[in-house]
Asker: 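This is the structure I have questions about; it appears just below.
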Amino acid sequence: MLRVPSKEAVDALLEGLNEPQREAVTAGAGPLLILAGAGSGKTRVLTHRIAYLLRTGQARADEILAITFTNKAAQEMRERVELLVGRATRAMWVMTFHSACARMLRAEAHRLGYTRQFTIYDSADSRRLIKRCIDDLDIDPKRFTPRAMQAQISDAKNKLRSAEDYRKLVGSFFEQTVADVYESYERELHRANAMDFDDLLFRAVNVLELFQEVRDRYATAFRWVLVDEYQDTNHAQYRWLQLLSGEHRNLAVVGDDAQSIYGFRGADITNILEFEDDFPDATVIKLEQNYRSTQMILSAANALISNNRGQTVKHLWTDLGEGDTIKVRELADEHAEARYVAAEIERLVDEGVSRSELAVFYRTNSMSRVLEDMLVRAQIGYQVIGGTKFYERAEVKDAVAYLIFLLNPSDGGAFTRIANSPKRGIGQTSLSRVLAHAETMGISPWEAAAGADEVPTLGTAARRALERFMATMERLRERVESGAPVGDILEDVLRETGYRDALEAERTIEAQGRIENLEELVRVAREYDATAGAESDTAGVAEFLQQIALLSDADQLQDDEGLVTLMTLHNAKGLEFPIVFMIGAEDGVFPHSRALDEGGLEEERRLAYVGITRAMRDLYITYARRRNSFGAESYGLRSRFIDEIPRELTDQPDRNAVGAGRPAGFGRVASWSTAAAASDEALGGGGGGGGGAGAASVFRVGDDVVHAAFGDGVVTGVEPGGIVVVNFAGEGRERKLMADYAPIRRR
DNA sequence: TATAATTCTCTTTTT
DNA sequence: GAGAATTATA
């Protein structure tokens with residue numbers, strides 16, 4: 001099968017690459033670290049390297065394992081490689097960590113006591129199970145919230161710590177409790193033949209470590225391992241890669257420590273920083289020429305990130321020209337901010353910019369709401385990435401749970417979800433009895449339900465209802481086993497279980513919406529049948545379910561739809577847009593207060609760096625003086641990140657005028673506030689109250705003050721910019737407030 | 001057993 | 001201010 005490499009074909013692959021890119025593409029065997037600055041063409045390098053390996057005959061397609069961060073990136077990578085080498089490359093493993101592990105585990109999980117039909121639990125499923133464990137253990141869910149337990153357990157798994165390992169390290173009562181929950185959770189997961197996201201990695205590593213023949217097989221097969229976004233790998237992923245590349249040592253990783261933004265999820269930035277320690281013979285290549293952004297944008301990004309310590313030194317440069325200054329705007333509140341963004345988008349579209357060239361980034365998903373309202377009103381088409389709603393809807397989860405239970409009879413969670421949905425007279429009590437029976441007899445929930453006669457204390461009505469239900473399920477299971485298309489099976493499920501009928505009987509708008517969602521799900525299934533089903537021999541319900549479970553937010557992104565794109569900064573990684581708006585640049589929002597509490601300032605800064613470097617041509621940064629976050633209003637201070645951008649790179653060069661000796665609310669000439677006022681006026685919207693005060697901000701350290709929302713406090717600091725630092729008694733912490741706008745007065 | 005009413009938490013970011 | 005979870009009522 002090896003092709004004779006044609007020199008012309010190989011040369012063509014290297015055309016148009018700069019020197020370091022070319023080095024990275026042609027580097028020979030052995031460990032390879034590519035430090036790729038933002039916009040330096042790392043995807044290009046990866047795809048060309050794969051194509052190069054194939055073209056020169058150094059690799060067969062089935063010897064390549066290429067890991068990306070999202071399914072969408074994987075698909076794109078495959079397409080681009082195929083374009084370069086001019087043929088299909090189905091044998092190549094190009095996928096996310098989680099997909100690759102799931103695929104491996106389908107084949108090997110029986111060694112760990114799972115069947116190949118194991119269910120993948122998303123975080124909501126996992127949290128539900130943890131909640132149940134907490135209840136079963138009689139632990140107070142107020143003191144030990146499922147959320148906190150889940151975070152601890154996830155953290156442990158990412159570090160490859162089993163429940164027993166965790167228990168050995170317990171150092172407090174809290175951790176003691178976590179250990180109990182962790183143990184019980186693991187037992188329940190295993191009993192349900194289910195794995196959570198972290199298990200996919202953890203168990204994959206287990207299999208490779210425990211079974212030499214498995215390790216040998218995969219490590220020999222994958223002669224070349226390539227990893228994108230290496231800075232975001234956690235310890236489990238790191239270990240998995242070590243095991244897989246142990247044989248040939250052809251591990252090529254691409255990443256940028258300045259863009260490491262998943263520390264909160266266990267990503268370990270030292271993986272990339274210490275790559276050279278792991279592989280002293282590694283070839284290291286830096287890609288520093290940026291092909292995306294103007295110099296103005298790059299300089300801002302460079303200046304910002306230089307406030308972080310311990311980054312590897314990179315000098316991003318571009319020859320795309322200077323570009324326009326960064327537009328910074330202060331607005332009265334989040335509505336004014338949204339209005340400003342919408343109006344600016346309208347203006348740009350009028351000028352001939354396509355909506356698909358525009359993106360708005362924010363720190364938290366909830367911030368899209370106000371913006372969406374405004375865009376709808378302005379009739380600007382948009383798409384929101386993330387906050388994945390569709391697969392979280394009850395009706396969609398129900399339909400999926402039916403499919404899961406048909407495949408995995410051990411999944412008590414799925415059974416619980418569907419048994420009485422639609423209502424068929426199997427209530428909470430009967431359900432518990434069936435599940436308890438299953439547990440004591442050591443049989444699956446399916447078996448217990450199917451043999452309802454054997455379940456003691458079950459009422460006659462419940463017994464009959466269960467029999468009918470399980471007869472239907474048996475029929476459907478035969479359909480699944482016959483290998484019918486997923487779309488057909490799903491239709492059968494919705495019809496024969498009476499799910500659709502029950503919704504139709506409701507005759508409400510909401511029910512109609514749910515029916516439409518289910519139709520959408522059927523469409524997705526049919527599409528799966530038509531594409532993945534046609535080309536893969538493993539197609540079927542199991543694969544379909546896996547695909548759904550491992551779908552990431554970023555995967556829903558559509559290109560060239562004539563839509564403005566809205567997403568969180570996290571989802572923006574790896575993307576680029578000619579014009580970018582970053583909104584909500586206020587201390588507390590971004591950097592997020594929770595992150596600050598946990599010492600995550602540097603990661604927040606990297607997040608800002610990611611956001612800024614997505615912009616190709618124009619960058620807008622906005623912040624609001626007042627924001628309604630969570631019932632109450634809060635008064636923010638513009639983000640320190642804005643101040644870390646040299647002011648000559650912005651269109652507000654005189655911002656130091658703010659506060660610095662500003663006479664009581666006047667003399668705001670050339671201050672940030674002027675820009676705010678101007679933009680509010682330009683938009684014809686009053687922008688609400690906010691500014692009114694104007695009273696001299698004559699607070700002094702030691703003053704006793706009272707705040708409308710936070711209550712009594714004492715001034716502990718006065719900062720330039722009309723800022724007062726107040727320690728509020730009720731909260732036991734300090735807040736920074738803008739004296740001119742915050743509703744505080746001296747007591 | 002099912003629904004309605006009411007209380008309570010929650011907002012970081014996500015595979 | 002919304003969604004889930006809990007409690008009260010039919």
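Numbered from 1 within each chain, the chains take letters A, B, ... in sequence-line order. Heavy atoms only: backbone and side chains are in, while hydrogens, waters and symmetry mates are out.
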Asker: Could you state the CE-C1' distance from A/Met195 to B/dT15, rounded to the nearest angstrom?
Answerer: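 So the two atoms are 16 Å apart, to the nearest Å.
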Asker: Using a heavy-atom cut-off of under 4.0 Å over every strand shown, decide if A/Phe97 touches base, sugar-phosphate, or nothing.
Answerer: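 The answer is nothing, as A/Phe97 stays clear of every strand by at least 4.0 Å.
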Asker: Looking only at side-chain N and O atoms, does A/Tyr166 offer a donor or acceptor that is under 3.5 Å from a partner on A/Asp155?
Answerer: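 Judged by distance alone, the side chains do not pair up.
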Asker: What does A/Thr70 touch in the nucleic acid at a heavy-atom separation under 4.0 angstrom: a base, only the sugar-phosphate, or nothing?
Answerer: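 Contact class for A/Thr70: none.
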Asker: Any side-chain donor-acceptor pair under 3.5 Å between A/Ser126 and A/Gln150?
Answerer: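 Checked: A/Ser126/A/Gln150 side chains pair up, N/O donor to acceptor below 3.5 Å.
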Asker: Would you mind reading off the distance between A/Asp232 atom CG and B/dT15 atom P, rounded to a whole angstrom?
Answerer: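 Taking CG of A/Asp232 and P of B/dT15, I get 12 Å after rounding.
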Asker: Using OP1 and OP2 only, check whether a side-chain N or O of A/Asn365 sits under 4.0 Å from B/dT13.
Answerer: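 Yes, because at least one side-chain N or O of A/Asn365 sits under 4.0 Å from OP1 or OP2 of B/dT13.
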Asker: Examine B/dT15: is either OP1 or OP2 under 4.0 Å from a nitrogen or oxygen in the side chain of A/Ser154? Give yes or no.
Answerer: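 For B/dT15, OP1/OP2 do not have a side-chain N/O of A/Ser154 under 4.0 Å.
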Asker: Rounded to the nearest Å, what distance is computed from the CD1 atom of residue A/Ile134 to the P atom of nucleotide C/dA5?
Answerer: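 Rounding to the nearest Å, CD1 of A/Ile134 and P of C/dA5 are 12 Å apart.
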Asker: With a 4.0 Å limit, can you tell me whether A/Asn234 has a side-chain N or O closer than that to the phosphate oxygens OP1/OP2 of B/dT15?
Answerer: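 Looking at the OP1 and OP2 atoms of B/dT15, neither is under 4.0 Å from any side-chain N or O of A/Asn234.
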Asker: Is it the case that the side chains of A/Asp555 and A/Ser552 hold a donor-acceptor pair, with the cut-off being a distance below 3.5 Å and no angle test?
Answerer: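 Side-chain D/A pair, A/Ser552 to A/Asp555: present.
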Asker: Figure out the CZ/C1' separation between A/Phe69 and B/dT13, and round it to whole Å.
Answerer: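 Answer to the nearest Å: 11 Å.
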Asker: Rounded to whole angstrom units, what separation is found between the CD1 atom of A/Ile261 and the C1' atom of B/dT14?
Answerer: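 Computing the A/Ile261:CD1 to B/dT14:C1' distance gives 10 Å.
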Asker: Flag as yes if A/His592 stacks onto the base of B/dT12 (centroids under 5.5 Å, planes under 30°), otherwise no.
Answerer: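 It does: the two rings, one from A/His592 and one from B/dT12, meet the stacking criterion.
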Asker: Measuring to OP1 and OP2 of B/dT14, would you say a side-chain N or O of A/Thr568 lies under 4.0 angstrom away?
Answerer: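 Yes, within the criterion.
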Asker: Taking CD from A/Glu392 and P from B/dT15, how many angstroms apart are they, rounded to a whole number?
Answerer: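 So the two atoms are 11 Å apart, to the nearest Å.
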Asker: Regarding A/Ser99, tell me which of base, sugar-phosphate or nothing describes its non-hydrogen contacts under 4.0 Å with the strands shown.
Answerer: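 No contact.
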Asker: Do A/Tyr238 and A/Asp268 come within less than 4.5 Å of each other through their side chains, counting heavy atoms only?
Answerer: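 No; the side chains remain at least 4.5 Å from each other.
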Asker: A/Glu598 near the nucleic acid: base, sugar-phosphate alone, or nothing, with a heavy-atom cut-off under 4.0 Å?
Answerer: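 Here A/Glu598 touches the bases of the nucleic acid.
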Asker: With nearest nucleotides of DNA chain B determined for A/Ser430 and A/Leu550 from heavy-atom distances, which residue corresponds to the more 5′ nucleotide?
Answerer: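 The residue mapped nearer the 5' terminus is A/Ser430.
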Asker: Starting at CZ of A/Arg128 and ending at C1' of C/dA4, how long is that distance when rounded to a whole Å?
Answerer: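 The distance from CZ of A/Arg128 to C1' of C/dA4 comes to 11 Å, rounded to the nearest Å.
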Asker: Looking only at atom P, what distance separates B/dT13 and C/dA4, rounded to whole Å?
Answerer: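 After rounding to an integer number of Å, I get 16 Å for this pair.
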Asker: Both A/Ala595 and A/Asp198 contact DNA chain B. Taking the nearest nucleotide for each, which residue is further toward the 5' end?
Answerer: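 Residue closer to the 5' terminus by nearest nucleotide: A/Ala595.
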Asker: Do we count A/Tyr262 as stacking onto B/dT14 if the rule is ring centres under 5.5 Å and planes under 30°?
Answerer: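 According to the criterion (under 5.5 Å, under 30°), no, A/Tyr262 does not stack.
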Asker: When you measure from the side chain of A/Thr145, which nucleotide among B/dT15, B/dT12, B/dC10 comes out closest?
Answerer: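 Closest of the options to the side chain of A/Thr145: B/dC10.
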Asker: Please give, in whole Å, the distance from B/dT15 C1' to A/Phe202 CZ?
Answerer: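 Rounded to the whole Å, the gap is 17 Å.
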Asker: For nucleotides 2-8 of chain B, tabulate all protein N/O to nucleotide N/O atom pairs closer than 3.5 Å, reporting atom names and distance.
Answerer:
unit_1	atom_1	unit_2	atom_2	d
B/dA2	OP1	A/Asn420	ND2	3.3
B/dA2	OP2	A/Asn420	ND2	3.4

Asker: Please work out which of the three classes, parallel, tilted or perpendicular, describes the rings of A/Phe69 and A/Tyr262, given edges at 30° and 60°.
Answerer: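 A/Tyr262 and A/Phe69: tilted rings.
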Asker: What nucleotide among B/dT14, C/dT6, B/dT12 has an atom nearest to a side-chain atom of A/Lys131?
Answerer: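 From the listed options, C/dT6 comes nearest.
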Asker: Under 6.0 Å from the CZ atom of A/Arg369, do we count more than 12 heavy atoms belonging to anything else shown?
Answerer: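 No, CZ of A/Arg369 has 12 or fewer neighbouring heavy atoms, counting only those of other groups under 6.0 Å.
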Asker: Reckon A/Asn571 has a side-chain N or O less than 4.0 Å from the OP1 or OP2 of B/dT14?
Answerer: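 Looking at the OP1 and OP2 atoms of B/dT14, one of them is under 4.0 Å from a side-chain N or O of A/Asn571.
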Asker: Could you tell me how the ring of A/Phe144 sits relative to the ring of A/Phe174: parallel (under 30°), tilted (30 to 60°) or perpendicular (over 60°)?
Answerer: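 Parallel.
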Asker: For the ring pair A/His592 and A/Phe264, is the centre-to-centre distance below 6.0 Å?
Answerer: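 Not under 6.0 Å, so no.
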Asker: Is there a donor-acceptor contact under 3.5 Å linking the side chains of A/Asn206 and A/Arg203?
Answerer: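 A donor-acceptor contact under 3.5 Å links the two side chains.
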